[in-house]
2 protein chains.
Amino acid sequence: MSDALSIGAASKSSGVSAKMIRHYESIGLLPLAERSNGNYRLYGPQDVHNLRFIHRARSLGFPLETIRELLALCRNRQRSSSQVKKLALTHVATLEAKIAEMQEMAAALKHLAQNCHGDERPDCPILEGLASDSAARCH
Amino acid sequence: MSDALSIGAASKSSGVSAKMIRHYESIGLLPLAERSNGNYRLYGPQDVHNLRFIHRARSLGFPLETIRELLALCRNRQRSSSQVKKLALTHVATLEAKIAEMQEMAAALKHLAQNCHGDERPDCPILEGLASDSAARCH
DNA sequence: ATGGTCCTTCCAATCATGGGAAGGTCAAGG
DNA sequence: CCTTGACCTTCCCATGATTGGAAGGACCAT
(Lines give C-alpha, C1' and ligand atoms only; values in the text may rest on other atoms or scores of the structure.)
Protein backbone atom coordinates (compact mmCIF):
# COMPACT_ATOMS: atom_id res chain seq x y z
CA MET A 1 0.00 0.00 0.00
CA SER A 2 3.02 2.25 -0.15
CA ASP A 3 1.83 3.75 -3.42
CA ALA A 4 -1.56 4.99 -2.21
CA LEU A 5 -2.14 8.65 -3.06
CA SER A 6 -4.16 11.31 -1.28
CA ILE A 7 -6.93 12.96 -3.25
CA GLY A 8 -4.72 15.97 -3.94
CA ALA A 9 -1.93 13.80 -5.29
CA ALA A 10 -4.38 11.73 -7.34
CA SER A 11 -5.84 14.95 -8.70
CA LYS A 12 -2.45 16.21 -9.84
CA SER A 13 -1.59 12.85 -11.28
CA SER A 14 -4.83 12.51 -13.24
CA GLY A 15 -5.84 16.04 -14.13
CA VAL A 16 -9.21 15.66 -12.41
CA SER A 17 -9.88 18.19 -9.65
CA ALA A 18 -10.32 16.91 -6.11
CA LYS A 19 -13.79 18.38 -6.13
CA MET A 20 -14.69 16.33 -9.16
CA ILE A 21 -13.12 13.15 -7.82
CA ARG A 22 -15.38 13.35 -4.78
CA HIS A 23 -18.31 14.12 -7.02
CA TYR A 24 -17.65 11.17 -9.31
CA GLU A 25 -17.49 8.95 -6.28
CA SER A 26 -20.75 10.33 -4.94
CA ILE A 27 -22.61 9.59 -8.16
CA GLY A 28 -21.14 6.09 -8.40
CA LEU A 29 -18.92 6.73 -11.39
CA LEU A 30 -16.00 5.66 -9.23
CA PRO A 31 -16.09 3.03 -6.47
CA LEU A 32 -15.97 4.26 -2.88
CA ALA A 33 -12.35 5.12 -2.19
CA GLU A 34 -10.30 3.42 0.50
CA ARG A 35 -9.80 5.51 3.61
CA SER A 36 -6.76 6.20 5.76
CA ASN A 37 -6.71 6.30 9.56
CA GLY A 38 -7.57 9.97 9.39
CA ASN A 39 -10.47 9.26 7.00
CA TYR A 40 -8.59 10.61 4.00
CA ARG A 41 -9.40 9.03 0.66
CA LEU A 42 -6.62 6.82 -0.71
CA TYR A 43 -6.02 6.06 -4.37
CA GLY A 44 -4.04 3.22 -5.84
CA PRO A 45 -2.67 2.80 -9.38
CA GLN A 46 -5.93 1.34 -10.68
CA ASP A 47 -7.88 4.31 -9.30
CA VAL A 48 -5.49 6.74 -10.91
CA HIS A 49 -5.90 4.84 -14.14
CA ASN A 50 -9.66 5.25 -13.92
CA LEU A 51 -9.27 8.95 -13.20
CA ARG A 52 -7.04 9.46 -16.20
CA PHE A 53 -9.51 7.52 -18.31
CA ILE A 54 -12.32 9.81 -17.19
CA HIS A 55 -10.20 12.88 -17.77
CA ARG A 56 -9.42 11.89 -21.35
CA ALA A 57 -12.98 10.88 -22.07
CA ARG A 58 -14.24 14.23 -20.75
CA SER A 59 -11.72 16.07 -22.89
CA LEU A 60 -13.26 14.30 -25.88
CA GLY A 61 -16.64 15.59 -24.76
CA PHE A 62 -18.19 12.31 -23.64
CA PRO A 63 -21.03 12.83 -21.16
CA LEU A 64 -20.56 11.18 -17.77
CA GLU A 65 -23.23 8.58 -18.41
CA THR A 66 -21.39 7.41 -21.51
CA ILE A 67 -18.15 7.41 -19.59
CA ARG A 68 -19.85 5.14 -17.10
CA GLU A 69 -20.52 2.68 -19.93
CA LEU A 70 -17.02 3.07 -21.31
CA LEU A 71 -15.53 2.30 -17.91
CA ALA A 72 -17.69 -0.79 -17.65
CA LEU A 73 -16.54 -1.95 -21.07
CA CYS A 74 -12.97 -1.20 -20.12
CA ARG A 75 -13.27 -3.48 -17.11
CA ASN A 76 -15.13 -6.18 -19.03
CA ARG A 77 -12.81 -8.62 -20.74
CA GLN A 78 -15.78 -10.14 -22.56
CA ARG A 79 -16.58 -6.88 -24.34
CA SER A 80 -16.73 -6.59 -28.07
CA SER A 81 -14.96 -3.69 -29.73
CA SER A 82 -18.16 -3.01 -31.67
CA GLN A 83 -19.81 -1.88 -28.43
CA VAL A 84 -17.08 0.65 -27.84
CA LYS A 85 -17.05 1.80 -31.41
CA LYS A 86 -20.78 2.32 -31.35
CA LEU A 87 -20.55 4.61 -28.32
CA ALA A 88 -17.73 6.53 -29.95
CA LEU A 89 -19.46 6.99 -33.28
CA THR A 90 -22.73 7.99 -31.62
CA HIS A 91 -20.82 10.67 -29.79
CA VAL A 92 -19.14 11.80 -32.99
CA ALA A 93 -22.58 12.17 -34.54
CA THR A 94 -23.75 14.22 -31.57
CA LEU A 95 -20.72 16.45 -31.85
CA GLU A 96 -21.19 16.93 -35.56
CA ALA A 97 -24.85 17.81 -35.11
CA LYS A 98 -23.95 20.48 -32.59
CA ILE A 99 -21.16 21.75 -34.79
CA ALA A 100 -23.54 22.08 -37.74
CA GLU A 101 -26.09 23.89 -35.59
CA MET A 102 -23.53 26.38 -34.33
CA GLN A 103 -22.12 26.89 -37.79
CA GLU A 104 -25.58 27.87 -38.97
CA MET A 105 -25.89 30.31 -36.13
CA ALA A 106 -22.50 31.83 -36.83
CA ALA A 107 -23.21 32.09 -40.55
CA ALA A 108 -26.59 33.76 -40.01
CA LEU A 109 -25.11 36.17 -37.54
CA LYS A 110 -22.16 37.02 -39.74
CA HIS A 111 -24.55 37.66 -42.57
CA LEU A 112 -26.47 40.14 -40.44
CA ALA A 113 -23.32 41.76 -39.07
CA GLN A 114 -21.89 42.12 -42.54
CA ASN A 115 -24.52 44.69 -43.43
CA CYS A 116 -24.18 46.61 -40.19
CA HIS A 117 -22.20 49.82 -40.43
CA GLY A 118 -21.00 49.54 -36.87
CA ASP A 119 -20.86 53.29 -36.45
CA GLU A 120 -22.51 55.78 -34.10
CA ARG A 121 -25.85 55.74 -35.88
CA PRO A 122 -28.76 53.74 -34.42
CA ASP A 123 -29.59 52.14 -37.75
CA CYS A 124 -28.85 48.42 -37.42
CA PRO A 125 -29.66 45.45 -39.65
CA ILE A 126 -28.81 43.07 -36.81
CA LEU A 127 -31.57 44.42 -34.59
CA GLU A 128 -33.87 44.55 -37.58
CA GLY A 129 -33.14 40.92 -38.28
CA LEU A 130 -33.94 40.01 -34.71
CA ALA A 131 -37.05 42.16 -34.55
CA SER A 132 -38.03 41.41 -38.11
CA ASP A 133 -41.42 43.09 -37.99
CA SER A 134 -41.33 42.57 -41.71
CA ALA A 135 -41.32 38.85 -40.93
CA ALA A 136 -38.66 38.28 -43.55
CA ARG A 137 -37.52 34.77 -42.80
CA CYS A 138 -34.53 33.64 -44.78
CA HIS A 139 -36.32 30.66 -46.29
CA MET B 1 -57.17 46.27 -25.16
CA SER B 2 -59.09 43.95 -27.43
CA ASP B 3 -55.87 42.47 -28.78
CA ALA B 4 -54.44 41.26 -25.47
CA LEU B 5 -53.35 37.64 -25.61
CA SER B 6 -53.21 35.02 -22.91
CA ILE B 7 -49.85 33.44 -22.17
CA GLY B 8 -50.76 30.39 -24.26
CA ALA B 9 -51.69 32.51 -27.25
CA ALA B 10 -48.59 34.66 -26.84
CA SER B 11 -46.54 31.49 -26.68
CA LYS B 12 -47.95 30.17 -29.93
CA SER B 13 -47.55 33.52 -31.58
CA SER B 14 -43.92 33.94 -30.51
CA GLY B 15 -42.53 30.44 -30.34
CA VAL B 16 -41.50 30.88 -26.69
CA SER B 17 -43.02 28.35 -24.30
CA ALA B 18 -45.36 29.60 -21.60
CA LYS B 19 -42.96 28.22 -19.02
CA MET B 20 -40.16 30.30 -20.43
CA ILE B 21 -42.28 33.44 -20.73
CA ARG B 22 -42.98 33.26 -17.01
CA HIS B 23 -39.34 32.55 -16.35
CA TYR B 24 -38.14 35.50 -18.42
CA GLU B 25 -40.53 37.71 -16.51
CA SER B 26 -39.30 36.37 -13.18
CA ILE B 27 -35.67 37.17 -14.00
CA GLY B 28 -36.54 40.63 -15.28
CA LEU B 29 -35.83 39.97 -18.94
CA LEU B 30 -39.42 40.98 -19.62
CA PRO B 31 -41.44 43.58 -17.70
CA LEU B 32 -44.16 42.33 -15.36
CA ALA B 33 -47.12 41.38 -17.52
CA GLU B 34 -50.52 42.98 -17.19
CA ARG B 35 -53.09 40.83 -15.43
CA SER B 36 -56.74 40.06 -16.18
CA ASN B 37 -59.49 39.93 -13.57
CA GLY B 38 -58.71 36.28 -13.00
CA ASN B 39 -55.00 37.05 -12.56
CA TYR B 40 -54.09 35.71 -16.00
CA ARG B 41 -51.14 37.35 -17.74
CA LEU B 42 -52.07 39.52 -20.71
CA TYR B 43 -49.80 40.30 -23.65
CA GLY B 44 -50.11 43.15 -26.15
CA PRO B 45 -48.42 43.57 -29.53
CA GLN B 46 -45.28 45.10 -28.03
CA ASP B 47 -44.94 42.18 -25.65
CA VAL B 48 -45.30 39.71 -28.49
CA HIS B 49 -42.66 41.65 -30.38
CA ASN B 50 -40.29 41.29 -27.45
CA LEU B 51 -41.02 37.59 -27.23
CA ARG B 52 -40.29 37.05 -30.90
CA PHE B 53 -37.09 39.04 -30.52
CA ILE B 54 -36.00 36.80 -27.69
CA HIS B 55 -36.96 33.69 -29.61
CA ARG B 56 -34.88 34.68 -32.62
CA ALA B 57 -31.95 35.74 -30.50
CA ARG B 58 -32.03 32.42 -28.65
CA SER B 59 -32.16 30.55 -31.94
CA LEU B 60 -28.92 32.32 -32.83
CA GLY B 61 -27.44 31.07 -29.59
CA PHE B 62 -27.24 34.37 -27.70
CA PRO B 63 -27.16 33.86 -23.94
CA LEU B 64 -29.96 35.50 -21.98
CA GLU B 65 -27.70 38.15 -20.48
CA THR B 66 -26.68 39.28 -23.94
CA ILE B 67 -30.29 39.26 -25.03
CA ARG B 68 -30.99 41.55 -22.11
CA GLU B 69 -28.47 44.01 -23.55
CA LEU B 70 -29.82 43.57 -27.06
CA LEU B 71 -33.34 44.33 -25.87
CA ALA B 72 -32.09 47.45 -24.11
CA LEU B 73 -30.35 48.58 -27.28
CA CYS B 74 -33.47 47.77 -29.27
CA ARG B 75 -35.49 50.09 -27.04
CA ASN B 76 -32.85 52.78 -26.98
CA ARG B 77 -33.16 55.22 -29.89
CA GLN B 78 -29.82 56.77 -28.91
CA ARG B 79 -27.95 53.51 -29.49
CA SER B 80 -25.09 53.21 -31.91
CA SER B 81 -25.06 50.29 -34.31
CA SER B 82 -21.47 49.64 -33.25
CA GLN B 83 -22.72 48.53 -29.83
CA VAL B 84 -24.98 45.99 -31.44
CA LYS B 85 -22.36 44.83 -33.86
CA LYS B 86 -19.87 44.35 -31.06
CA LEU B 87 -22.26 42.06 -29.16
CA ALA B 88 -22.94 40.11 -32.33
CA LEU B 89 -19.31 39.65 -33.30
CA THR B 90 -18.32 38.70 -29.78
CA HIS B 91 -20.95 36.01 -29.93
CA VAL B 92 -19.70 34.86 -33.32
CA ALA B 93 -16.23 34.49 -31.83
CA THR B 94 -17.64 32.48 -28.94
CA LEU B 95 -19.47 30.20 -31.35
CA GLU B 96 -16.41 29.72 -33.50
CA ALA B 97 -14.25 28.86 -30.50
CA LYS B 98 -16.74 26.21 -29.45
CA ILE B 99 -16.99 24.91 -32.98
CA ALA B 100 -13.22 24.55 -33.21
CA GLU B 101 -13.09 22.76 -29.86
CA MET B 102 -15.75 20.28 -30.89
CA GLN B 103 -14.15 19.73 -34.27
CA GLU B 104 -10.95 18.75 -32.50
CA MET B 105 -12.86 16.32 -30.34
CA ALA B 106 -14.63 14.80 -33.31
CA ALA B 107 -11.42 14.50 -35.30
CA ALA B 108 -9.54 12.82 -32.45
CA LEU B 109 -12.39 10.43 -31.88
CA LYS B 110 -12.76 9.58 -35.53
CA HIS B 111 -9.07 8.91 -35.69
CA LEU B 112 -9.37 6.42 -32.83
CA ALA B 113 -12.54 4.82 -34.23
CA GLN B 114 -10.94 4.45 -37.62
CA ASN B 115 -8.52 1.86 -36.27
CA CYS B 116 -11.16 -0.03 -34.34
CA HIS B 117 -12.36 -3.22 -35.97
CA GLY B 118 -15.80 -2.92 -34.45
CA ASP B 119 -16.25 -6.67 -34.26
CA GLU B 120 -16.90 -9.15 -31.45
CA ARG B 121 -13.31 -9.15 -30.21
CA PRO B 122 -12.42 -7.16 -27.08
CA ASP B 123 -9.37 -5.60 -28.71
CA CYS B 124 -10.09 -1.87 -29.03
CA PRO B 125 -7.87 1.10 -29.94
CA ILE B 126 -10.50 3.50 -28.65
CA LEU B 127 -10.28 2.15 -25.12
CA GLU B 128 -6.54 1.99 -25.45
CA GLY B 129 -6.47 5.60 -26.47
CA LEU B 130 -8.57 6.56 -23.46
CA ALA B 131 -6.60 4.41 -21.05
CA SER B 132 -3.30 5.13 -22.71
CA ASP B 133 -1.12 3.45 -20.12
CA SER B 134 1.55 3.94 -22.71
CA ALA B 135 1.00 7.66 -22.17
CA ALA B 136 1.07 8.30 -25.89
CA ARG B 137 -0.18 11.84 -26.11
CA CYS B 138 -0.69 13.08 -29.62
CA HIS B 139 1.71 16.00 -29.24
C1' DA C 1 1.62 24.40 20.24
C1' DT C 2 0.87 26.77 16.22
C1' DG C 3 0.40 27.95 11.57
C1' DG C 4 -0.50 26.40 7.12
C1' DT C 5 -2.14 23.06 4.25
C1' DC C 6 -4.82 19.43 3.42
C1' DC C 7 -8.97 17.03 4.21
C1' DT C 8 -14.08 16.32 5.42
C1' DT C 9 -19.20 17.43 4.59
C1' DC C 10 -22.98 20.22 3.03
C1' DC C 11 -25.22 23.91 0.45
C1' DA C 12 -25.53 26.82 -3.37
C1' DA C 13 -24.65 28.80 -7.90
C1' DT C 14 -24.09 28.55 -12.92
C1' DC C 15 -27.27 28.15 -17.78
C1' DA C 16 -31.66 27.28 -20.11
C1' DT C 17 -35.28 24.43 -20.01
C1' DG C 18 -38.80 21.21 -18.69
C1' DG C 19 -41.85 18.25 -15.66
C1' DG C 20 -45.24 17.90 -12.46
C1' DA C 21 -48.27 18.82 -8.41
C1' DA C 22 -52.12 21.31 -6.35
C1' DG C 23 -55.27 24.47 -7.14
C1' DG C 24 -57.93 28.65 -9.42
C1' DT C 25 -60.54 30.50 -13.73
C1' DC C 26 -63.16 30.50 -17.79
C1' DA C 27 -66.32 29.24 -21.57
C1' DA C 28 -69.45 25.98 -23.48
C1' DG C 29 -73.06 22.66 -23.15
C1' DG C 30 -76.40 19.53 -20.55
C1' DC D 1 -77.22 25.73 -12.20
C1' DC D 2 -73.55 22.74 -12.62
C1' DT D 3 -70.17 20.06 -14.76
C1' DT D 4 -66.40 19.29 -17.90
C1' DG D 5 -62.24 20.28 -19.95
C1' DA D 6 -58.92 23.47 -21.28
C1' DC D 7 -56.41 26.89 -19.67
C1' DC D 8 -54.16 29.41 -16.14
C1' DT D 9 -51.70 30.24 -11.38
C1' DT D 10 -47.62 29.32 -8.09
C1' DC D 11 -44.19 26.34 -6.23
C1' DC D 12 -40.64 22.85 -6.14
C1' DC D 13 -37.49 19.85 -8.44
C1' DA D 14 -34.55 17.93 -12.26
C1' DT D 15 -31.24 18.10 -15.87
C1' DG D 16 -25.37 18.32 -16.99
C1' DA D 17 -20.80 19.36 -15.42
C1' DT D 18 -18.39 22.09 -12.68
C1' DT D 19 -17.15 25.44 -9.30
C1' DG D 20 -17.44 28.20 -5.04
C1' DG D 21 -17.59 28.71 -0.28
C1' DA D 22 -18.38 27.83 4.72
C1' DA D 23 -17.49 25.36 8.94
C1' DG D 24 -14.88 22.17 10.99
C1' DG D 25 -11.37 18.33 11.64
C1' DA D 26 -6.65 16.28 10.65
C1' DC D 27 -1.88 16.37 9.48
C1' DC D 28 2.88 17.95 9.45
C1' DA D 29 6.83 20.84 10.21
C1' DT D 30 8.88 24.28 12.84
Side-chain angles (χ1 to χ4, degrees), chain A residues 4-30 32-43 47 51 53-71 90-91 94-95 97-98 101-102 105, chain B residues 1-2 4-30 32-43 47 51 53-71 90-91 94-95 97-98 101-102 105:
Chain A
L5 301 179
S6 72
I7 197 172
S11 167
K12 270 171 202 150
S13 166
S14 67
V16 181
S17 74
K19 224 52 170 158
M20 282 298 98
I21 296 177
R22 293 191 195 98
H23 179 61
Y24 293 157
E25 180 183 321
S26 80
I27 63 174
L29 191 62
L30 293 170
L32 293 175
E34 300 287 313
R35 297 296 183 127
S36 72
N37 293 337
N39 201 30
Y40 284 18
R41 286 173 178 82
L42 293 178
Y43 297 92
D47 301 310
L51 287 171
F53 186 100
I54 294 174
H55 184 61
R56 296 215 176 89
R58 282 296 301 140
S59 78
L60 289 175
F62 281 105
L64 293 186
E65 285 314 302
T66 307
I67 294 176
R68 194 188 295 271
E69 300 180 57
L70 287 169
L71 278 169
T90 298
H91 181 51
T94 302
L95 286 170
K98 287 186 190 164
E101 189 187 0
M102 299 181 88
M105 289 174 177
Chain B
M1 288 305 190
S2 64
L5 300 179
S6 72
I7 198 171
S11 168
K12 270 170 204 153
S13 166
S14 67
V16 181
S17 75
K19 271 284 215 221
M20 282 298 99
I21 297 177
R22 294 192 194 97
H23 179 60
Y24 294 158
E25 179 183 321
S26 81
I27 64 173
L29 192 60
L30 293 170
L32 293 175
E34 300 286 313
R35 297 294 183 128
S36 72
N37 294 335
N39 201 30
Y40 284 17
R41 286 174 177 81
L42 293 177
Y43 296 92
D47 300 310
L51 286 170
F53 186 99
I54 293 174
H55 184 61
R56 297 214 176 90
R58 282 297 299 139
S59 76
L60 289 176
F62 281 105
L64 292 186
E65 284 315 303
T66 307
I67 294 176
R68 193 190 294 272
E69 300 180 58
L70 287 169
L71 278 169
T90 298
H91 181 50
T94 302
L95 286 170
K98 287 184 189 165
E101 188 187 1
M102 300 181 87
M105 289 175 177

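Just so we're clear, the structure is a prediction, and the values are computed from it rather than from any experiment. To find a chain, count down the sequence lines: A is the first, B the second, and so on, and within it residues start at 1.
- With C:dC10, D:dT9, C:dG18 as the candidates, the nucleotide lying closest to the side chain of B:Met20 is C:dG18.
- Here D:dT9 presents its C1' atom at 17 Å from NE2 of B:His23, a figure rounded to the nearest Å.
- Side chain B:Tyr40 to base D:dC7: a donor-acceptor pair is found below 3.5 Å.
- Nearest nucleotide to the side chain of B:Tyr24, out of C:dT17, C:dC26, C:dT8: C:dT17.
- For A:Arg68 and D:dA17, the CZ to C1' distance is 13 Å, given to the nearest whole Å.
- Between the side chain of B:His91 and the backbone N or O of B:Leu60, at least one donor-acceptor pair lies under 3.5 Å.
- Considering only heavy atoms from C-beta on, B:Arg41 comes within 4.5 Å of B:Arg22 through its side chain.
- Atom-to-atom, CG of B:Leu42 to C1' of C:dT25 comes out at 13 Å; the value is rounded to the nearest Å.
- Considering only the side chain of B:Asn37, C:dC26 comes nearest among C:dG19, D:dC27, C:dC26.
- Summarising the geometry, the separation between OH on A:Tyr43 and P on C:dC7 is reported as 9 Å, rounded to the nearest angstrom.
- The distance from atom CD1 of B:Ile7 to atom C1' of C:dG24 is 15 Å, rounded to the nearest whole Å.
- Of the possible polar contacts, one joining the B:Ser14 side chain to the B:Ala10 backbone as a donor-acceptor pair under 3.5 Å is found.
- Across the protein-nucleic acid pair, B:Leu32 atom CG and D:dT9 atom C1' stand 15 Å apart, rounded to whole Å.
- Picking from C:dT8, D:dT18, D:dG21 the nucleotide with the shortest atom distance to the side chain of A:Lys19 gives D:dG21.
- Proximity note for B:Arg35 (side chain, C-beta onward) versus D:dA17, C:dC26, D:dT10: the nearest is D:dT10.
- Contact annotation: B:Ser17 side-chain N/O to C:dG18 OP1/OP2 distance is under 4.0 Å.
- Among the protein residues, B:Arg22 comes within range of the nucleic acid bases, having at least one heavy atom under 4.0 Å from a base atom.
- Looking at A:Phe62 and A:Ile54, their side chains never come closer than 4.5 Å, going by heavy atoms from C-beta outward.
- The distance from atom CD1 of A:Ile27 to atom P of C:dT9 is 15 Å, rounded to the nearest whole Å.
- Between A:Asn39 and B:Ser36, it is A:Asn39 whose nearest contact on DNA chain C lies nearer the 5' terminus.
- Picking from D:dA17, C:dT8, D:dG21 the nucleotide with the shortest atom distance to the side chain of A:Pro63 gives D:dA17.
- Ion pairing of B:Glu65 with B:Arg68 is present here, as a side-chain N (NZ or NE/NH1/NH2) and a carboxylate O approach within less than 4.0 Å.
- Among the protein residues, B:Ser6 comes within range of the sugar-phosphate backbone only, with heavy atoms under 4.0 Å from sugar or phosphate atoms but none that close to a base.
- A:His55 has its NE2 atom 14 Å from the C1' atom of D:dA17, to the nearest Å.
- In this structure, the side chains of A:Ile7 and A:Tyr43 come closer than 4.5 Å at one or more pairs of heavy atoms.
- Closest to the side chain of A:Arg58, from the set C:dG24, D:dT10, D:dA17, is D:dA17.
- With distances taken from any side-chain atom of B:Arg41 to the nucleotides D:dT9, C:dT17, D:dC27, the minimum falls on D:dT9.
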